[in-house]
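The analysis underlying the following values was restricted to heavy atoms, covering all of them including side chains, and did not include hydrogens, waters or symmetry mates. Sequence positions, counted from 1, serve as the residue numbers for this chain. Start at 1 and go down the list; that is how both ligands and their atoms are numbered.
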Amino acid sequence: MRTKDLSFQDWYTSIGSRTNFCQDSGFSQPSSHHSMSQQDSQAPDVFLQVALPVPFRRLFDYLQPCQKDNQPLQPGIRVKVSFGNRQLIGVLIAISQQSDWPTDKLKPVLELIDKQPIIPDDLLKLCQWTAKYYHHSLGETLQVALPAVLRQGKTSNYGTSIRYNTVTANQDQTIALSRAPKQLAAYKTLLEHPAGLTLAGLKGLGIANHIIQGLKQKQLIEEVETTEPTLIKPWPSSLLYEPALTLNQSQQQAVTTVTNQLNQFHCFLLKGVTGSGKTEVYLQIIEACLKQKCQALILIPEIGLTPQTLQRFKARFSVPIVALHSNLTDLERWQAWQTASSGQAGIIIGTRSAIFTPMAKPGVIIIDEEHDSSFKQQDNLRYSARDVAVYRANQLQIPIVLGSATPSLESLFNVSAGRYQKLELPDRAGDAEPPSINMLDLKGKPLSDGLAVDLQPVIASHLNAGNQVLVFINRRGFAPTLICHECGWLADCGQCDAHLTLHRYPPLLRCHHCGVEENIPHLCPKCQQNSLHPVGTGTERCEATLNQWFPDIELIRIDRDTTQRKYAMQELLEKVHQAKPAILLGTQMLAKGHHFPKVSLVVVVDADSGLFSSDFRGVEKLIQLLTQVAGRAGRAATQGEVIIQTHQPNHPMLQLLQASRHDEMTQSLLNERQRLLLPPFGYMVLFRAESSYQQKAEALLNEAYLCTQQAEASYDTFKSVEVLGPLPAPMEKRQGRFRYQLVIQAQHRQPLHQLTSLITQHLENSKLSRQVRWSVDVDPQDMN
Ligand code: ADP
Ligand code: ZN
Ligand code: ZN
């Protein structure tokens, strides 16, 4: 949720399309256009339109800096400006001959930070499109797109390198160094190199960093920044470390289809059952792209998958590969950005925000697991990296491949509408067979911590055969909550409309929505009876039964609680890959992308909660998740078995899943969406508001509602837009704040976006918006 900064909300009063925050209090309204030619006969002034990291959806006008050192003004350079009583780093977007503001109300830019654009033109345009499409401030969009080093206005070192050189005034200090022979030798070397040497260059000559630092401390040498472009080493002529696999027929067809169209925009949907060798297809498309001396950008959903994917790419390709993910330090991220931007990196792999990585020679974009919800950011700039990627590929005129075993309905719809081309891998690669899927009807069956007692011998037989078993349950903790058997008291969170989850290690009650923690009461807080019982099952509780059933078997639990520590996930996965008989127990972290060759049985503990979700995407997501989990079974030579525990074994969706009739499942879901005019048959924008005062959140969205009514009364085009709400959010209270929603939907994007603009403009200017957090979500994924 965007936070509203009261300090500048208070000053803000104007409605102008561009505003300069130069006055001490309040702002005057822009009058007519002011251009210098009308006003005086001096050289015409220019106005710098700057994007600033503030929530307002507009640019801000500034004058040129007072000290002009003839620095060229180009869009994409960073500028430092004063804004209210703060100084901000912004990005110059345009240079204009006129402004909506009188010149004497505008302030000059304090500093031009860059000599040349730090943000390549195509990236700037991508950010502009993203800001416009998601109705977000361009300045804040740039915050998401740029590495921290750049946002903070630090010197960019863009195209420059640090060199060490002798200090001119101290020429020939050889005598002073007679007692430090290593420093003396280094000093002499530097004297022989009047242009100075980089650290890498010095290292190449056998001079270590600490010797250089010693000389620097004595002020005998200095650091100089040179603008000489970073040297780009050509890629090795042989691109591969290991030979590519021989493709099967459908893989070959997919690769050929894409590589025949490498120099134009085209969107491919690669639908391949789990284990069908999609990754091998990506690798060979990338190889073709590298051969053309172009770079490949690959987006993957989970940070947990990065080491594995990275390893596979590094084992194959000899070109530099950079990985962009949230565990990088600011400096590492900045270096990766530069390596990609300069064209040095052949392959760029990253999670969501890596879609904003600049590339000198873009060749192809690949989105793995395109249906994955992590590609959609759920706060601040609520963008879908997949959708931005499709736009970017079009902008760059390069192909894009969306890969998945369970494509999103949106992408499948785009295939049927002829916008995307479908490539299919119907079979598993190599010798692997598809797993057999069976429903375990829980009705009337004895359970132990949520697991049917009947499962024990089945699990045992797989373990005895030397295999591994994966038990999937999408809830961490011991139990979803605690109930009193006498009076019905439930352990609820005081801050949220949610139950507290019971955890055993350490023992406490914790809210998974706000993080509140409480001690577990011994007696019921309401009736004081000793009758408290856990309800439902989480990973910790399953663990208890599995440990009891199989005391000698290693149990590897993978959920958010066991993987918090850095490298914890990697360590757990290494245990799995030792390939000893073991039980892997975990949440959806286990379901995605991993390759567990020894797993022959997958048990899904609970399929029912997803079948009756209030979210219209609930069933789609459940089917995707179940297919993904099932795909972990039998990925090598052994045939896999999947057992799904449910009280609804005859549910039509589960029946189709069991029969692997994916196309029918998709069609049935699409039919339902069409009937209800829901996405992808209609488009949606969701406004959210939250406040600790219930009325205020609702009142702000009422203003939005009135806006839609006025718009409809004035313009016929808006009559096609349907407005729902304001209504309380499915989770009405969260972290102590009341949450409301207003949904607008339409069959065409244009009126929807026009109306969204009107609403956001109104809300930005509303007095109430200073007290209520609000946000716009275009193409919302999560309706919570
Ligand atoms: P997906 O990404 O579709 O889940 P992977 O690319 O991980 O599938 O492939 C699954 C397994 O099959 C991997 O071990 C991979 O090395 C192997 N594989 C893929 N393509 C081939 C092929 N053409 N011949 C033999 N093995 C293959
Ligand atoms: Zn009680
Ligand atoms: Zn809570």
Side-chain angles (χ1 to χ4, degrees), residues 242-255 270-286 298 300-301 305 308-309 311-313 315-316 366-370 401 403-407 423-435 481-501 509-518 521-533 577 591-599 627-637 640 731-737 739:
E242 56 168 31
L245 297 179
T246 311
L247 298 176
N248 64 32
Q249 205 189 344
S250 37
Q251 283 177 315
Q252 185 61 60
Q253 198 176 352
V255 171
L270 177 65
K271 180 174 188 284
V273 299
T274 48
S276 57
K278 289 184 291 297
T279 312
E280 186 60 35
V281 170
Y282 304 152
L283 291 170
Q284 300 204 17
I285 292 170
I286 293 167
I298 298 104
I300 54 172
L305 303 183
Q308 214 184 2
T309 314
Q311 226 174 356
R312 223 163 137 184
F313 281 69
R316 175 70 54 93
I366 292 168
I367 315 282
D368 190 25
E369 311 290 356
E370 66 90 27
V401 179
S404 174
T406 53
L423 307 167
E424 269 193 280
L425 307 179
D427 304 310
R428 284 193 161 187
D431 303 325
E433 290 282 311
T481 193
L482 202 58
I483 195 170
C484 172
H485 199 53
E486 287 298 319
C487 73
W489 173 88
L490 278 166
D492 284 336
C493 175
Q495 299 289 305
C496 309
D497 280 333
H499 303 308
L500 296 171
T501 304
L509 292 166
R510 186 189 296 146
C511 176
H512 285 184
H513 301 282
C514 70
V516 148
E517 289 182 355
E518 288 177 17
H522 292 293
L523 301 176
C524 169
K526 194 170 157 200
C527 71
Q528 314 303 327
Q529 298 293 306
N530 185 6
S531 272
L532 295 175
H533 295 275
H577 290 299
K592 295 176 185 171
H594 298 287
H595 189 55
F596 301 130
K598 290 299 277 185
V599 169
T627 312
Q628 295 286 332
V629 192
R632 300 311 113 205
R635 283 167 65 97
M731 184 182 287
E732 186 176 353
K733 196 174 159 208
R734 186 161 169 180
Q735 287 184 299
R737 276 191 283 270
R739 310 160 73 236

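Across the listed options G277, G631, G272, G277 owns the non-hydrogen atom lying nearest to atom 8 (O) of ligand 1. Which of H595, E280, R632 comes nearest to atom 11 (C) of ligand 1 through a heavy atom is settled by distance: it is H595.
Using a 4.0 Å cutoff on heavy atoms, R312 counts as a contact of ligand 1.
Between P525 and W489 the shortest side-chain heavy-atom distance falls below 4.5 Å.
Here the closest non-hydrogen pair linking Y282 and G403 is OH-CA, 3.4 Å.
An N or O contact shorter than 3.5 Å links G275 to ligand 1 by distance. Note: no N/O pair closer than 3.5 Å links T274 and ligand 1 by distance alone.
Between H485 and H533, the ring planes lie perpendicular to each other; the angle is over 60°, past the 30° to 60° tilted range.
The part of N248 lying near ligand 1 is the backbone, judged by heavy-atom distances below 4.0 Å. Counting heavy atoms under 4.0 Å from ligand 1, residue S276 touches it through both backbone and side chain.
Each protein N/O/S atom under 2.8 Å from the Zn ion (ligand 2) was counted, for a total of 4.
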- [ ] Starting from the C-alpha separation in whole Å, work towards a yes-or-no answer on side chain to side chain contact (heavy atoms under 4.5 Å, CB included) for T274 and R632.
- [x] CA-CA 8 Å; T274 48; R632 300 311 113 205; 3.8 Å; yes

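In the displayed structure, Q253 atom CD is contacted under 6.0 Å by at most 12 heavy atoms of other residues, nucleotides or ligands.
Among the atoms of H512, none of the N, O or S atoms falls under 2.8 Å from the Zn ion (ligand 3). Using a cut-off of 2.8 Å, one finds that C514 contributes an N/O/S atom close to the Zn ion (ligand 3).
With R428 contributing its side chain and V273 its backbone, the two residues share no donor-acceptor pair below 3.5 Å.
In summary, the side chains of Q284 and E280 do present a donor paired with an acceptor at a separation below 3.5 Å, with no hydrogens or angles considered.
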